[in-house]
Amino acid sequence: MKKIIISLILFSHTFSAQYTDFNIVKEVKVKNKGVVVSAHPLASEAGAKVLKMGGNAYDAIVATQYALAVVYPQAGNIGGGGFLVGVKNNGEKFTLDYRETAPNKATHDMYIDKNGKANTDLSQNGRLAVGIPGSVAGFFATLKYCKLPMNQLIQPAIDLAEKGFSITEQEASLLNANKEYFQQHNKSSIVFVKETPWKMGDILVQKELAETLKLIQKQGLKGFYEGKTAEYLVSEMKKGNGIITLEDLKNYKVAERKALEFDYKGNNVVSMPLPSSGGILLAQMLKMAGYENLEKYQQNSTKAVQIMVEAERRAFADRAEYMGDPDFIKDKTSYLISDEYLKNRWKSFSFNKATPSSEVGKIIKQPKESTETTHISVIDKEGNAAAVTTTLNGLYGSKVVVSGAGFFLNNEMDDFSIKPGVPNMFGAVGGEANAIQPNKRMLSSMTPTIVLKNGKPYMIVGTPGGTTIPTSVYQSIVDVVDFKLNTNISVNSPKFHHQWLPESVAFEKNFPETTIKDLEKLGYKTEKWNQIGRTEMILIGENGNIHAVADGRGDDSVAVE
Ligand code: DON
C-alpha cells in the first residue's frame, strides 16, 4: 500500500511501503534540538536517530552518510569520497579531506591515445575512471569528534540495506534511465537492474551491501580497505581495465587540513581548502563582489548578477591555472584570496559590458556536458556544526558495482585535468597543477561551508552540482548576508552560474527573463539549464532559533532529533 499526503505549508510527502515509511519534510523551525538536512528523508532520519541516542553533530553526519550510501545510490557512497567541515561548540574548527586519490599505477597521460587525443569516455566511465575511495576512512577519521561507537552509527544503514526501503519517483526514473549503462559496465547481474521498469514505492533490498557494512562494523577500517571487501574491489578491477591494487587500498589516508577562513562583512566564513577549489573560489568571489557593495542591489537583478558573474569569471580562470592537490603543488591560497591580488584582478570590471574570458585567463581550448554529489548540513542541540559534501562524481559514479560487495565505484579520475584545455564532465579545464600523478588527489569544487557570526555557527550550507557548487554556495551567502532573504527563499530561488569557460552564463529555467535580456544587451552569452544544485541550508538565529530547509528540487528532507 502506498499513500502520499501533501501538506501545503511544508511540502511534506508521506510514502508508506511494505517495510519503510518516510516523510519528506522541506522546512523546519525549531529551537534547542538537533537538525539534519540531506538529500533523502531516510538518511536524514538516520542522522536524527543517532542524535536522539545522545550522539552529536559528528555522529549524525556519519550515520547520515552511511544511510545515503544505501538509500541514495546515485551519489551517497562508500565507494567515493568527500569533505567535512566542522565547527565545535568550543570554537574549534577542523576539516577532513577524504577525497579519492589516483591509483599508484596512474600516469600523467593515461587517458591520451596514440594520436594525442584525450579519451574522456575512459576517465568518465568504467573501471579506469575509479579513484581510491576515501569515504569509509573519512567516517573513521570523524570518530575522533563523535560520542557514539561506529557499530551504532552504521546500524541504520545496515537495516536499510538488509530490509530494503521504498524508492522515490526520482530514484526510480534515474535507475530506469541508467539501466543500459549499468548493463554495459557490469559483467554480473546487479540489484539496481530488473527486468520491468522501477516505479515509486518499489522495494530496493541490497544484501551484498548489507554484508559489506557488517564487515566494516565488525572489522573497522580493515573491513573495507583490506580482506574480503578489498579483494572484491580488486577482482572487479580485473574484470576490465581497472588498475586499483590491494596496496592502493591499504595505503589510503585521510588528510586533516586547516579550514580555509575569511571575513565577509563581519561574518567568519569557514570552508574547505585545497584539494577542493571550493573555499578559495568562494573567498575570491565574495571578496570581489564585495568591492561593489552588493547589498545596494536586489537578488537576481541585472547589476547584482553582472557583478557576481564577473567575480565568478575571474575566480574560475584562477582555478584552471593554479589549483590542485596541495601535497603536490605550490599552494598559492593566501595570495589568491588576498585583497592585494583581488583588487587588482577586479580593476577590469565594468558595468558597461561583459569582460571577455580571454582577458582574465589563458585559454587553451573549450566546450562542456552533465552529472551527482550530495550535501548534508547538521547542527546539534549543543551547538556543534557539521557540513559534508560527498560524491561519486557522475550519477552512480563509474556505473560499476563491486560484485560481491554491492556498492557503486566513483568516476572521480575525471576531476583531474586529463589533458591541458580538455574540459571534464563539468566543462572545467585545467593544466599542470591538476594533472594526474600517482596517489594525488584530483581537484574538487565541493564547498561544505559554515558561516560564523560572533564566533557561533550562523549558516551551514552546501550543495551538489560540480562546478556550480561554489557559485551556488556564493549565491546562498550573498542572499542571506547582503539581500537579507530567508532560508527558504534563498534555497529555492532560481540560480545562475558562470565558470570562465565556456564563455556563456547558465540560468536556471525559472530565472527572471528581464535580467537575462538585459545581460544579453551588455554582451553576455546566455543559456538555460533545467536545474542548478540542491542546496541544504540551516540558519541559526542569535536567539538560537533554527530554520532548516531542504532543497525543493529533489527528495531532500529535514529531520529533527
Ligand atoms: O568534486 C567535485 O567537484 C565533483 N566531483 C562533484 C560532482 C558533483 O557535484 C556532481 N553532482 N551533481
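Indexing begins at 1, ligand by ligand and atom by atom, following the structure's order.
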inquiry  = What I'd like to find out is whether the side chain of Met537 reaches to under 4.5 Å of the side chain of Leu539, using heavy atoms alone.
reply    =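 Yes, their side chains come closer than 4.5 Å.
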Practice task
For the residue pair Arg319 and Leu281, establish whether any side-chain heavy-atom pair is separated by less than 4.5 Å.
Solution key: yes
One finds that the ligand 1 atoms under 4.0 Å from a non-hydrogen atom of Ile469 are 9 (O)
Sub-4.0 Å atoms of ligand 1 with respect to non-hydrogen atoms of Ser445 =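 Heavy-atom distances to Ser445 below 4.0 Å select 1 (O), 2 (C), 3 (O).
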Considering only heavy atoms, does [X] approach ligand 1 within less than 4.0 Å through its side chain, its backbone, both, or neither?
X      : value
Asn393 : both
Arg99  : side chain
Met442 : neither
Thr467 : neither

Can you classify the ring geometry of Phe408 versus Phe182 as parallel (below 30°), tilted (30 to 60°) or perpendicular (above 60°)?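 Tilted, since the angle between the ring planes falls between 30° and 60°.
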- [ ] Classify the angle between the aromatic ring planes of Phe496 and Phe507 as parallel (below 30°), tilted (30 to 60°) or perpendicular (above 60°).
- [x]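 Because their plane-to-plane angle lies in the 30° to 60° range, the rings of Phe496 and Phe507 count as tilted.
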Is any N or O atom of Gly465, backbone or side chain, closer than 3.5 Å to an N or O atom of ligand 1?
yes
Quiz prompt | Min N/O separation Pro464 to ligand 1 under 3.5 Å | solution = no
Note: Ser403 and Tyr232 closest approach over all heavy atoms is O-CD2, 3.3 Å
Minimal heavy-atom distance between Asp555 and Lys26, with the atoms involved, is C-NZ, 3.8 Å
Check: of Thr373, Ile532, Asn410, min heavy-atom distance to atom 6 (C) of ligand 1 comes from Thr373
Closest heavy-atom approach to atom 4 (C) of ligand 1 among Thr391, Asp415, Asn411, Asp414 is made by Asp415
Problem set entry | Centroid separation Phe139 to Tyr66 less than 6.0 Å | yes
